[in-house]
Amino acid sequence: MIPTLTDLLVASIALAVPVLVAASGELVGERAGVLTMSVEGMMLTGAFASVVGATSSGSALYGVACGAVAGLLVGVLQAVLSVVLRADQIVTGLAANALALAGTTFGARLLLERGAPVPGFSRVEIPLLADIPVLGPALFRQTGLAYVLIAVVVLLAILTSRRTGWGLAVDAVGEDAASADRSGIPVLQVRFAAVLVVGLLSGLAGTQLALSEVHTFTDNMTAGTGYLAVVAVIAGSWRPVGVAVAAVVFGLAQALQFTLPALGVDVPFALLVMLPYVLALLAVAGFVSHSRPPAGLNTAFVRQGRAA
Amino acid sequence: MTAPTSTTTAVVPTPGDDDGPAAPAPAAPAGPAWRDRLLDARPVLVPLAAVLGALAVSTGLAALAGATPAEAATALWEGMVGTPYAIGSSLNVAAVLLLVATGFLVAHRAGLVNVGGEGQIAVGAVAATAVGTSLPSTVAAAVALPLLLLAAAAGGAAWASIAAWLAVRRGVSEVITTLLLNFVGVAVLVLSIHEEALLRQPVTSSETLPQSSPLVDAAHLPLLGLPDSPATAAVVLALVGAVVGSVVLRRTATGVRLEAVGRSQPAARRLGVPVDRLRFSALTTAGATSGVAGGVLVASVPYVLDEGLASGYGFSGLVVGLLARGSFTAAVGIAAALGFLVSGGINLQLAAGVPASITQIAESLIILGVAGTAIWTVRRTTRTRRPWWRSRTTGRTAARPAPEVAP
């Protein structure tokens, strides 16, 4: 079968969904002023736990629960480090990623059998809509989990928009924690919760990658996708729609790896592998967007007078 | 980024740093003498506790993998120092880590965090291989080796200079750019060994591995000549690098200027220090030493460039640099310890069946332990921090709001 534009779009959306889900979590975290570099580790841990859960129970849904809880646990670790202990957010984030990579590699040797069947999600076609030429198959032939996750992303964007109390609290805590504190917003609780949201969504993003797309766990299977999610938040100017567009662009850049060789285009594979990261570099270098990060990003909050 | 794990963040208040509550750490001036001494010893005790904790967790994990603590300890010990061969290969690993850490410390003195060791190693190794495979076989080692190492340094420096340029000119955090450049750098390595037009060895059959041709004999790093030991001249090279780095940072005007930049860019700028140029050179130097590390890896057994060459060294080198807290003496010791740990971990897998990734688990736990307890070991944690991805190159720092302490 000769791949067409449709196939490229299908692959792009498939690869964009994990980035989108993780990035929309990261967006909430960054808006609250916590830079969570451990998205990569959360995704990998989520992917690993979901595969372990799904194979040991035989149920894909149980796998999803495991993936979500695992992401949440890494989120708790990161929240304790970043919010409670006021540790360096970048250093602890990178260390948490290293821990997740080594831990899942270690765990895979012990807990996973090579070639064992992994219960996963298969694609569900939405009647009529899936027949729309070109776009239909990409958007309306996803797995059930993907539909649910996209709904979660939309719901999260609505719940944390600037029209809700939660959204305002998140922005207040991230822009000016001292003023937020004086007006009675529990700064540390909001930030802690925001990091938990990052953990939950990143864990689910890893689950989607493992159970909907790859249908197995391989060492370091996220391979930098989590960092792309962090960059997508910057490239998207800390706005949900922008983040979604950035996630789709990264998905497209990743999809070229699989589609171009199938088309017979003779581009070295390694060039295609580096493409998303080159785009990410251009994005953070400000060649794409010029915008201002939340003022309190990567700054710990401590109230005056409290013994530290 | 001013990492709270570094001693440089701890002491001198920057201008514009409104003098909020002093030491948030529980300083106890009136406590009994032993307590004072205990508190003073925190910078040593905390890493020690982190190491012990990581060892305890690792022992537990090894037990999960089916090795009794005694078996695991024996296998680890054998792999670390059991044979002259083990000691030699441990030292070789330590040399690579020390090279990466030396550059990290230089950049860190200027307030820059180089996370890009892996990419710089990869590009340095590619440059070194290009030189090492294209030299005629008659060339003398005295010419070939310096050429190879220079090429490696230039490759790593060029790679880091991208991040340095973006940091200085466009104010983009070097943390995120060096991180992303890792992925691109490793892809450059993969590209160069998959294309015959680049560095791939001539493909003669479908079983030809994607790796470079072997380097010419003259470009092989000489062994140190210890009996039965694979330790190479890289060990000496890394030690010389660390000594030079230490002397430059501690005894020269350049070192003082770098420290001024690291403590406060606005203040350094007002004193007439060429801030941008120093930051650029500091990060580029870090790239150069990591590049040399890549060159050393290629110029050691089996003398070819292959896909997994850079893996893990970048992060481990960063670990050494972070734990050393600005001290080259500490860096030498920690690099040696980690080098032995990595070799021991490989034997742990071979002899006791415990996956070798257990050493990375231990490493990252140590970092989490040390970074997570910084509020108890570093006296001042609430201070002006630039936003993480816009660095303070434009002089805006002075106008930035004071630390987030409610007045």
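Being a predicted model, the structure only gives us computed values, none of them experimental. Every chain is numbered from 1, with letters handed out A, B, ... down the list of sequences.
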Side chain to side chain contact (heavy atoms under 4.5 Å, CB included) partner of B:L179, chosen from A:L281, A:V230, A:L94: A:L94
Best-contacting candidate, B:L368, B:I162, B:I358, against chain A by heavy atom pairs under 4.5 angstrom: B:L368
Spacing of B:E195 atom CD and A:L271 atom CG [to the nearest 0.5 Å]: 7.5 Å
Step-by-step side chain to side chain contact (heavy atoms under 4.5 Å, CB included) determination, B:V354 to A:R109: CA-CA 9 Å; B:V354 180; A:R109 299 286 170 287; over 6 Å; no
Residue A:V231 versus chain B: region with a heavy atom under 4.5 Å: side chain
Which atoms of A:A223 approach chain B - backbone, side chain, both or neither, heavy atom under 4.5 Å: backbone
Greatest number of heavy atom pairs closer than 4.5 Å to chain B - which of A:A102, A:A98, A:P268: A:A102
Heavy-atom pair with the smallest gap, counting every atom of A:A87 and B:G372: CB-CA, 3.8 Å
Spatial distance of atom CE (A:M274) from atom CG (B:L180) [nearest 0.5 Å]: 13.5 Å
Distance-minimising heavy-atom pair for B:S364 and A:L99: OG-CA, 3.3 Å
Among B:V190, B:L181, B:V184, residue most engaged with chain A (heavy-atom pairs, under 4.5 Å): B:V184
Donor-acceptor contact present, side-chain B:R170 to main-chain A:A285, <3.5 Å: yes
Heavy-atom contact with chain A under 4.5 Å, split by part of B:V115: side chain
Largest heavy-atom contact set with chain A, pairs under 4.5 Å, which of B:L365, B:L318, B:L61: B:L61
Gap separating the CG atom of B:L191 from the CZ atom of A:F269, nearest 0.5 angstrom: 12.0 Å
Which portion of A:L228 sits near chain B, non-hydrogen atoms under 4.5 angstrom: neither
Distance, nearest 0.5 Å, that separates OG of B:S357 from CG of A:N220: 11.5 Å
Choice from A:L85, A:L81, A:L110 maximising heavy atom contacts with chain B below 4.5 Å: A:L85
Residue part contacting chain B, namely of A:F106, when any heavy atom lies under 4.5 Å: both
